[in-house]
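The figures that follow rest on heavy atoms only: side chains count, while hydrogens, waters and symmetry mates do not.
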Amino acid sequence: MQSSALTRYESTIEESKWSLSGDIFACTLEHPIPHFGVGEFIKEAGEPMKFVLQPHNEKMGPGQVYIISQAPSWVPGISPETLEVMPYPGYGLTVEVGGQVAEQMLTSLDRGRHPVVTGSAWENGRESVEVALSNINFNPAYDEFRRCMASLLPVNFDQIARTAALFPSNGTELTERIKRRLDLVAIYVAADPTIEYIYIDGHTDVVGSRRDNRELSKTRAEKVTAYLLQKGIPPEKIVSRYHGERYPAADNRTNDGRERNRRVTIRLERTNNNAQSLSEPSQ
């Protein structure tokens with residue numbers, strides 16, 4: 001980036017702080033940046049790593065922002081590495097990157113480098129703003145962050161709230177794939193006290209008589225229910241129902257459609273519609 005002036009925001013050695021907050025649903029590694037805002041590495045259960053830079057003002061204007069890994073000033077001769085280039089609307093909005101770029105930023109800090117977010121100044125597009133993450137005091141907090149991530153649940157609420165177990169024609173036995181999915185349901189429900197009910201609904205395609213299909217859907221729902229009970233789900237949380245062929249999810253005139261209709265759906269419901277799962281950050 002070519003500019004006539006540069007303003008850099010970075011904590012001093014004395015100011016540099018990294019703090020961890022987290023539980024089995026999410027882990028956050030936070031770094032305040034004086035006179036600018038805060039940077040956070042966030043790992044939620046079942047989701048890729050992400051980095052969020054939250055300004056407290058409009059220091060950075062619209063245009064492109066660059067995510068760069070810089071060597072410290074006392075290690076000369078090492079060129080900066082550009083990790084990402086992305087559009088930025090300005091207006092004091094967050095800068096967010098995820099996946100590999102966020103992981104590279106963490107690795108950069110762990111190796112003693114400084115990840116930097118740089119863009120145009122709000123007041124003057126010819127001037128640049130750099131926001132640097134200090135690696136001072138990073139490693140002890142990073143060790144805690146990794147321990148927190150190791151304890152995360154394998155899935156979050158959004159990933160597990162709706163599950164469909166598919167069955168072969170006239171089949172009622174749980175496949176290993178279905179069991180693995182039900183294991184995740186059981187793990188999540190045991191961890192999140194806001195889950196009040198688990199609705200289990202059995203369905204079939206239209207092959208066969210309605211009476212036989214109703215019994216088949218009942219057997220399928222009972223198999224899923226029995227498995228979850230075996231995994232420790234309290235029986236008072238489970239509502240098991242069966243519907244036969246009444247509620248198709250797809251066109252029964254095709255093989256693919258009939259396959260999708262031979263199913264048991266598992267739906268998690270919280271205490272009330274306004275209840276917030278512990279897996280979701282507070283607003």
Side-chain angles (χ1 to χ4, degrees), residues 1-22 26-44 47-73 78-138 141-142 145 156 158 276 279-283:
M1 297 180 62
Q2 295 182 352
S3 62
S4 58
L6 172 66
T7 302
R8 185 178 175 97
Y9 296 93
E10 183 177 13
S11 60
T12 65
I13 294 176
E14 294 78 14
E15 294 173 322
S16 183
K17 296 179 181 178
W18 289 89
S19 59
L20 172 73
S21 61
C27 303
T28 300
L29 187 59
E30 181 179 290
H31 179 60
I33 303 160
H35 310 296
F36 184 87
V38 62
E40 293 180 327
F41 290 96
I42 302 169
K43 181 69 170 71
E44 297 177 343
E47 298 290 349
M49 179 76 67
K50 65 181 177 181
F51 171 75
V52 178
L53 179 64
Q54 176 64 65
H56 292 166
N57 44 51
E58 295 182 354
K59 299 289 188 183
M60 194 176 294
Q64 286 186 320
V65 295
Y66 296 74
I67 313 295
I68 299 170
S69 173
Q70 291 181 347
S73 58
I78 301 179
S79 300
E81 177 186 0
T82 300
L83 304 179
E84 182 69 287
V85 181
M86 57 191 295
Y88 177 64
Y91 306 105
L93 299 177
T94 60
V95 176
E96 181 174 327
V97 292
Q100 184 178 6
V101 176
E103 296 280 2
Q104 288 175 319
M105 294 174 72
L106 278 172
T107 300
S108 177
L109 284 161
D110 193 36
R111 293 177 177 174
R113 295 171 68 94
H114 299 283
V116 176
V117 179
T118 182
S120 300
W122 178 266
E123 299 87 352
N124 184 347
R126 289 181 54 81
E127 299 181 359
S128 293
V129 170
E130 285 187 353
V131 184
L133 307 183
S134 170
N135 57 33
I136 305 300
N137 299 320
F138 170 77
Y142 186 38
F145 187 54
N156 59 47
D158 289 338
Q276 182 180 43
S279 65
E280 294 184 342
S282 58
Q283 301 297 318

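- Separation of atoms CG (N57) and NE2 (H35) is listed at 10.5 Å; rounding is to 0.5 Å.
- With values rounded to the nearest 0.5 angstrom, K43 atom NZ is found 6.5 Å from M49 atom CE.
- One N or O on the side chain of N135 and one on the backbone of G112 form a donor-acceptor pair closer than 3.5 Å.
- Here the OG atom belonging to S120 is positioned 9.0 Å from the CD atom belonging to Q64, to the nearest 0.5 angstrom.
- Dense packing is recorded around NE2 of H56, with more than 12 heavy atoms of other residues, nucleotides or ligands lying under 6.0 Å away.
- Y91 places no side-chain N or O within 3.5 Å of a backbone atom of P62 that could act as its donor or acceptor partner.
- S134 places no side-chain N or O within donor-acceptor distance of the main-chain N or O of S16, the cut-off being under 3.5 Å.
- Residues A102 and F41 approach most closely at O-CE2, 3.6 Å, considering heavy atoms.
- When atom types are taken as modelled, the side chain of T118 and the backbone of V129 share a donor-acceptor pair closer than 3.5 angstrom.
- Counting only distance, with no hydrogens or angles, the side chain of H31 and the backbone of K17 share a donor-acceptor pair below 3.5 Å.
- Residues E15 and P34 share a closest heavy-atom pair of OE1-CG, 3.5 Å.
- Counting heavy atoms from C-beta outward, Q70 and E130 have side chains that approach closer than 4.5 Å.
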Could you walk me through whether L29 and F138 pass the side-chain contact (heavy atoms from CB on, under 4.5 Å) check? CA-CA 10 Å; L29 187 59; F138 170 77; 3.8 Å; yes
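- Closest of all the heavy-atom pairs between M60 and V117 is CE-O, 4.1 Å.
- Between the side chain of S108 and the main chain of Q104, no donor-acceptor pair closer than 3.5 Å is present.
- In this structure, the side chains of L106 and F145 come closer than 4.5 Å at one or more pairs of heavy atoms.
- Contact check for K50 versus E96: side-chain heavy atoms found under the 4.5 Å cut-off.
- Contact of the L109 side chain with the Y142 side chain is not registered, since no non-hydrogen atoms from C-beta on lie closer than 4.5 Å.
- Residues E47 and I42 are not in side-chain contact: their nearest non-hydrogen atoms beyond the backbone lie 4.5 Å or more apart.
- In this structure, E84 CD and S69 OG are separated by 14.0 Å, a value rounded to the nearest 0.5 Å.
- At least one side-chain heavy atom of R113 sits under 4.5 Å from a side-chain heavy atom of I78.
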Go through E10 and V116 one step at a time and tell me if the side-chain contact (heavy atoms from CB on, under 4.5 Å) criterion holds. CA-CA 9 Å; E10 183 177 13; V116 176; over 6 Å; no
For side-chain contact (heavy atoms from CB on, under 4.5 Å), just list the numbers for L133 and I33, CA-CA rounded to whole Å, side-chain angles, deciding distance to a tenth of an Å, and then say yes or no. CA-CA 8 Å; L133 307 183; I33 303 160; 3.9 Å; yes
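- E30 contributes atom CD, which lies 8.0 Å from atom OG1 of T28 (distance to the nearest 0.5 angstrom).
- Annotation: the span from T94 atom OG1 to L53 atom CG amounts to 8.0 Å, rounded to 0.5 Å.
- Proximity of M86 to V95: side-chain heavy atoms (C-beta onward) are separated by under 4.5 Å at one or more points.
- Using a 30° and 60° split on the angle between ring planes, Y9 and F36 fall in the tilted class, from 30° to 60°.
- In this structure, P55 and Y88 approach most closely via the heavy-atom pair CG-OH, 4.1 Å.
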